[in-house]
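Before any comments, here is the structure.
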Amino acid sequence: MNYYVTTSIPYVNGEPHVGHALEFVMADVLARAARQREETTLFSTGTDEHGTKIAQKAESLGLTPTQLVGKMSQEFRELAHTLNISNDRFIRTTDKGHEQRAQLIWKALAHDIYKAKYTGWYDVKEETFVPEAQADPERMKPDHPQAYQKLEEENYFFPLSKYNDQIKEAIESGAFQIVPETRRNEILSVLREGLEDISISRPKEKLEWGIPVPGDKTQVMYVWFEALMNYITVLGYPEHQDFKDYWPANTQVIGKDIIRFHAAIWPAILFSLNIPLPKQLYVHGHITLDGKKMSKSIGNVVSPKEIVDKYGVDAFRYYFLRHIPSYNDGDFSWDAFESSYNNELANELGNAVQRTAVMITKYQNGIIGDIPPAKHDKAPIEEAIVQCRFDRALDEIWDQVRGLNQYIDEEKPWSIAKEGDSDHLREVLAYQASCLLEIADLLVPFLPDTAAKIKAVFEEGIVRPIEGTLFPKSDREE
RNA sequence: CGCGGGAUGGAGCAGCGGCAGCUCGCGUGGCUCAUAACCACGAGGUCCCAGGUUCGAGUCCUGGUCCCGCAACCA
């Protein structure tokens, strides 16, 4: 069985933030879980690097676009590394391979692409067309100081409307699964109203920083149209074996802001190419900081690296996977983060490992003996992962952690030790070790380092204490 | 205007027809193996409002009120 999972590719006009990190981590859980199930797994991410905004930003910084995207792309690569993301590929839309294959795809779509005039309000300062609905009516008046210009451009168009019903049917039948349900309803309602054809190119004179339209030197491809193709260009569409092995993707992970692109435009492209739709589209929510929308002007941005540097990568993964609701928006605050770190990671899990290891060392010279096999029901956790309910999965795992602490309290191994019932003591302690090994196994996709550390302590049948402790709490203040 | 989602103890959430539940926080007690950790118990809710269906409604229906999201480029 092959398993292919993707993240959306971040647009490199800004620094990586916790939202990008969330998506990376979620997709990573899916990839690691698939590998744990022993499926042949491919996990791809990357960066989206063309378009007006990039060109403008580069200019404002006195860089060439190539210099800018090289630098920014590297930052996202580093973010993935910082978060212990197990991606197999990292595609850049400025990769030669992507550019060439995007042109191949354009040609394969030629049977659907048509040329038409696009008329709209053009904002000279921003160098962009303003959609009718968002346009400021005041600025439509010719005597306004920043008046829009009524401009007409000839562009290529892609007939989304033609595929409207096919897409709707794929979603309704479940062939193309969208989770959570609320996002599925959202897109179905858009489809019920009907999609409009989209412009998929820009005149080169206005925008040089893009992939040239094959056979037309005057036009470059609209960024989004070309960026979506990364999911198959990275596999070497159309001829490479990877494409044959891994497409359709099992799960594509995206944020709620770009659902239309992935649940409307992307499926339409795939239908036009006559290749299957991904099986599942998982749409996560957005993160607020201290209840407020992330914003540079408010100055409340928190960099993922800052959190990881302070608390470690698994603490980061833990908070974002469990405390940002998988099917909803969520909030990050240092208070909530620290509270979950101290209570759940340090006190409940870390301490359970510690007390068990210490008891075995103290009472039995570190010898565990035969460890009975684990016996908890994993099915709810596996099901939660398939449904991308990472928060639920961790809730379930933490039920086991709590269960273990309760067990220890009921059995009171320290009393058994005093009574000198060594058989019973060995049994109880071995069971504790067994529970921890089982928990470690369940944690593999979520907290890979922690899982490995716990396994290292108990799996040899002899306690091998870790240096220091899991999730240390001391010296934490500021 | 339209479409979608939501309103449940101090905070964050689950429950979607059958005795109101979880985590955090708060209070009390227990334990001492452990990272001043762990365990138990308790206080705290007219489940947004008003009607209706039903033997029975946070849970279904109708009508309100208030929030939030989406409507071509912010994960």
Verdict with supporting geometry, A:N230 and A:D48, side-chain hydrogen bond (donor to acceptor under 3.5 Å, both in side chains): CA-CA 9 Å; A:N230 90 84; A:D48 177 9; over 6 Å; no
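In the set B:A75, B:C70, B:A40, the nucleotide with an atom closest to the side chain of A:Q406 is B:A40.
In this structure, A:L188 and A:K168 have side chains that are in contact, with non-hydrogen atoms separated by less than 4.5 Å.
Aromatic pair A:F158/A:F225: ring centres closer than 6.0 Å.
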Atom pairs under 3.5 Å: protein N/O with N/O of nucleotides 25-27 of chain B:
from  : atom 1 : to     : atom 2 : distance (Å)
B:G25 : OP1    : A:N343 : ND2    : 3.4

Polar-atom pairs under 3.5 Å, protein N or O versus N or O of nucleotides 30-34 of chain B: list them with distances, or write none.
from  : atom 1 : to     : atom 2 : distance (Å)
B:C33 : O4'    : A:Y363 : OH     : 3.4
B:C33 : O3'    : A:K362 : NZ     : 3.1
B:C33 : O2     : A:R355 : NE     : 3.1
B:C33 : N3     : A:R355 : NE     : 3.3
B:C33 : N3     : A:R355 : NH2    : 2.5
B:C33 : N4     : A:R355 : NH2    : 3.0
B:A34 : OP1    : A:K362 : NZ     : 3.1
B:A34 : O2'    : A:N351 : OD1    : 2.4
B:A34 : N1     : A:R355 : NH2    : 3.4
B:A34 : N3     : A:N351 : ND2    : 3.0
B:A34 : N3     : A:R355 : NE     : 3.2

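For A:K71, the side-chain contact (heavy atoms from CB on, under 4.5 Å) partners are A:E75, not counting sequence neighbours.
Checked by atom type, the side-chain pair A:N87/A:T45 shows no donor-acceptor distance below 3.5 Å. Side-chain atoms of A:D197 and A:Y114 include a donor-acceptor pair closer than 3.5 Å.
Contacts of residues 72-86 of chain A with RNA chain B (heavy atom under 4.0 Å): none.
When heavy atoms are screened at a 4.0 angstrom cut-off, A:H286 is found touching base atoms of the nucleic acid. Using a 4.0 Å heavy-atom distance criterion, A:R402 is classed as a sugar-phosphate-only contact. When heavy atoms are screened at a 4.0 angstrom cut-off, A:I258 is found touching the sugar-phosphate backbone but no base atom. At the heavy-atom level, A:D48 lies nowhere under 4.0 Å from the strands shown.
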message: Once pairs are restricted to Watson-Crick or G-U wobble with both distances under 3.5 Å, how does RNA chain B read as a dot-bracket string, [ ] for crossings and | for other-strand pairs?
response: .(((((((.[[[[.)..(..]]]].(((((.......))))).....[[[[[..)....]]]]])))))).....
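B:C19 and B:C24 are spaced 25 Å apart, taking the P atom of each and rounding to whole Å. Annotation: B:C70 and B:A75 have their C1' atoms spaced 16 Å apart (nearest Å).
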Side-chain atoms of residues 355-362 of chain A: list all donor-acceptor pairs with protein atoms under 3.5 Å, sequence neighbours left out, distances to 0.1 Å.
from   : atom 1 : to     : atom 2 : distance (Å)
A:R355 : NH1    : A:N405 : OD1    : 2.9
A:T356 : OG1    : A:A352 : O      : 2.8
A:T356 : OG1    : A:Q432 : NE2    : 2.9
A:T361 : OG1    : A:A357 : O      : 2.7

